[in-house]
**Student:** 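Quick one: the structure is below, and I'll ask about it shortly.
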Amino acid sequence: MTQAANSESHAAAPKQAMPSVIAQQAATLDRLPFSDTADFDDASRGFLGTLENAAITNAQGRVVWSLEAYGFLTEEKAPATVNPSLWRQSRLNMHHGLFEVVPGVYQVRGLDIANMTLIEGERGVIVVDTLTSIEGARAAMELYFQHRGRRPVTAVVFTHTHTDHWGGAHGVLDGETLARGEVPIVAPNLFMEYAVSENIIAGPAMLRRAQYQFGPFLAKGPRGQVDCGLGKSMAAGSVKLLRPSDLIMETGDKRVIDGVEFEFQMAPNSEAPAEMHFFVPRYRLLNLAENCTHNFHNLLPFRGADVRDALAWSKYLGEALQMWGGKADAMCGQHHWPVWGKQRIDTMIRQQRDLYKFAHDQTIRLMNHGLTATEIAETIKLPTSLEGAWHARGYYGHIRHNVKAIYQKYLGWYDANPVHLDPLPPVESGKKYVEYMGGAAAILERAAKDFANGEFRFVAQALSHLVFADPDNQAARALLADTFEQLGYAAESATWRNAYLFGAQELRQGMPKTPARPPMPRETLAALRTGQLWDVLGVRLNGPKAEGKHIVLNWSFTDTAENFVLTLENCALTYVEAAQASAADATFTLTRSTLDELIAKQASFPEAVAAGKIKFTGKAMSLAELMGLMDEFPRMFEIVEPKRTAVT
Ligand SMILES: [Zn+2]
């Protein structure tokens with residue numbers, strides 16, 4: 001028996017592509033303009049140097065980023081188990097290192113999912129976006145210094161609120177520089193509010209769902225993770241939030257930063273709730289942050305987010321064209337590779353503008369004809385002019401799920417058919433479906449036939465009922481896993497592929513074992529407003545446990561001169577700022593940094609009291625009672641099968 005045949009027979013191993021998938025991949029090769037290879041020239045243009053395999057390690061020697069495992073992507077021809085269009089994008093995203101965009105402007109690409117853009121000024125360098133991790137940012141800066149000479153960082157610009165654009169800030173500016181406070185940190189208005197609300201309040205659910213979006217637990221390979229669409233994968237490493245010092249408020253606002261003029265355009269509620277674009281006249285450089293990249297972006301990523309506004313997104317791109325069309329020699333974004341030449345820049349912005357507008361308008365048109373989200377996804381087809389534009393293809397978002405996001409934005413989760421108003425949840429309905437469909441054996445028999453015929457979408461639906469009815473039915477799990485896998489192999493979108501393949505893996509192997517969630521880092525906590533900390537605490541309150549409880553706590557922070565009343569009643573935790581209750585159960589006087597220490601678990605409450613860091617009057621036990629009502633969120637929870645632990 002050969003090695004391949006041997007692994008094939010192992011139930012938990014990834015399988016080959018089915019004939020229907022192979023035929024679909026061949027059709028994609030015929031349909032799309034693979035002879036247009038301009039993107040490969042652009043992705044390698046201006047290359048100055050790189051790190052071997054783009055490998056980055058932390059102080060303990062642990063690898064936080066490396067492209068070594070993606071070596072299989074040197075093969076030009078896509079294997080049958082990867083959509084050829086996605087294979088092409090995966091190969092483009094392999095370019096890594098330091099690149100010159102125009103003399104004076106550089107980008108570090110492929111050392112993270114996101115890019116760092118470096119703009120040289122009079123005295124030093126302005127760093128636009130700081131990658132996901134401190135380790136990654138440090139490595140990127142070193143690579144830049146190595147090729148361009150060591151010089152001070154004279155400003156940091158955050159284009160938007162997503163972690164891959166600010167997480168590494170402390171690797172760009174050291175503690176001493178930060179303490180001096182002389183380096184401006186420029187960001188769009190409401191940066192802190194959204195960096196927090198998008199990543200922290202719903203963080204536990206989002207992080208688990210993000211595993212399905214990015215596939216970090218999948219082996220990398222032709223039958224595993226190949227890309228994320230936006231870049232290779234999520235970076236590991238240390239992340240710390242840094243508070244901006246200069247907020248850009250309006251379109252048309254200008255700044256002279258280190259002798260270089262920047263013109264800004266606000267783009268709120270586009271790819272991120274707070275985002276901005278800019279033009280640098282000196283370098284004739286346009287940067288559209290993450291709103292004009294080489295894919296159809298996500299209107300609602302699988303990790304979960306506030307749904308994004310496709311109409312606004314399109315308008316910002318139209319406005320950018322109006323403000324700066326014909327002025328730029330180069331356009332770069334904070335993902336993927338730049339585009340050069342006025343004509344090509346204008347074409348790309350116009351096509352991206354129309355991609356979001358088309359998706360928006362046609363979704364609403366079909367919606368107003370009465371089609372539901374799934375029906376719209378089945379009906380809508382991109383116009384030929386956009387179908388053939390590589391940057392418009394759905395490697396990260398996809399027309400078929402972006403239309404559902406647009407539907408959700410306007411009409412919400414309900415399709416107005418009362419059958420969907422109050423359906424039985426998955427386990428209960430699964431049991432009834434299995435009963436109505438004649439039992440497990442009958443379902444499996446039909447599913448196996450349909451699987452062989454390539455009817456993967458319905459086979460997945462039917463078998464999911466069986467797995468929810470009986471998660472220990474190994475045949476059902478195995479066939480559902482095989483089905484997800486074929487759907488993953490066929491998918492053009494990297495996020496679809498990752499979701500399907502990780503679903504298959506969890507059905508075969510169960511959930512990966514992960515270490516417990518570390519407490520929130522001090523620097524991130526310090527960057528949060530106190531009110532935001534109370535909001536984070538509020539969503540941990542276990543409502544049923546709090547039944548009948550009434551607790552009122554006064555808080556007085558000596559360093560920030562803030563006062564709060566925190567009230568638990570009606571199983572809800574609320575706060576009032578700039579107030580103290582006369583009838584509080586207890587009053588605590590402390591510094592905000594002591595509170596941060598407690599939350600970061602660097603000290604316990606009794607230790608802080610003993611050290612004189614907390615003073616209190618009244619019943620201190622009422623705080624312990626309140627904290628006893630708080631849930632700890634699990635890092636992992638079941639997704640493709642029933643919850644093994646009951647949650648109330
Ligand atoms: Zn990003």
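First listed ligand is number 1; within each ligand, the first listed atom is number 1.
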**Student:** Yes or no on side-chain hydrogen bond (donor to acceptor under 3.5 Å, both in side chains) for Glu275 and Tyr194, after CA distance, side-chain angles and deciding distance?
**Tutor:** CA-CA 10 Å; Glu275 186 148 351; Tyr194 289 114; over 6 Å; no

**Student:** Considering all heavy atoms of both residues, which atom of Pro188 and which atom of Met266 are nearest to each other, and what is their separation?
**Tutor:**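 Minimum heavy-atom separation between Pro188 and Met266: CB-CE, 4.1 Å.
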
**Student:** Between the side chains of His96 and Asn53, is a donor N or O closer than 3.5 angstrom to an acceptor N or O?
**Tutor:**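 The criterion, which ignores hydrogens and geometry beyond distance, is not satisfied for Asn53 and His96.
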
**Student:** Salt bridge between Glu290 and Arg308, side-chain N to carboxylate O under 4.0 Å?
**Tutor:**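 So Glu290 does not pair with Arg308 through a salt bridge.
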
**Student:** Whether Glu263 and Arg255 form a salt bridge (side-chain N of Lys/Arg under 4.0 Å from carboxylate O of Asp/Glu) is what I want to check.
**Tutor:**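 A salt bridge is absent here (no side-chain N lies under 4.0 Å from a carboxylate O).
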
**Student:** With distance as the sole criterion, is a donor-acceptor pair present between the side chains of His401 and Trp496 under 3.5 Å?
**Tutor:**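 Yes, a side-chain donor-acceptor pair sits under 3.5 Å.
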
**Student:** Pull up every protein N/O/S atom sitting under 2.8 Å from the Zn ion (ligand 1), skipping waters.
**Tutor:**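 Near the Zn ion (ligand 1), below 2.8 Å, one finds Asp164 OD2, His165 NE2, Glu290 OE1, His335 NE2.
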
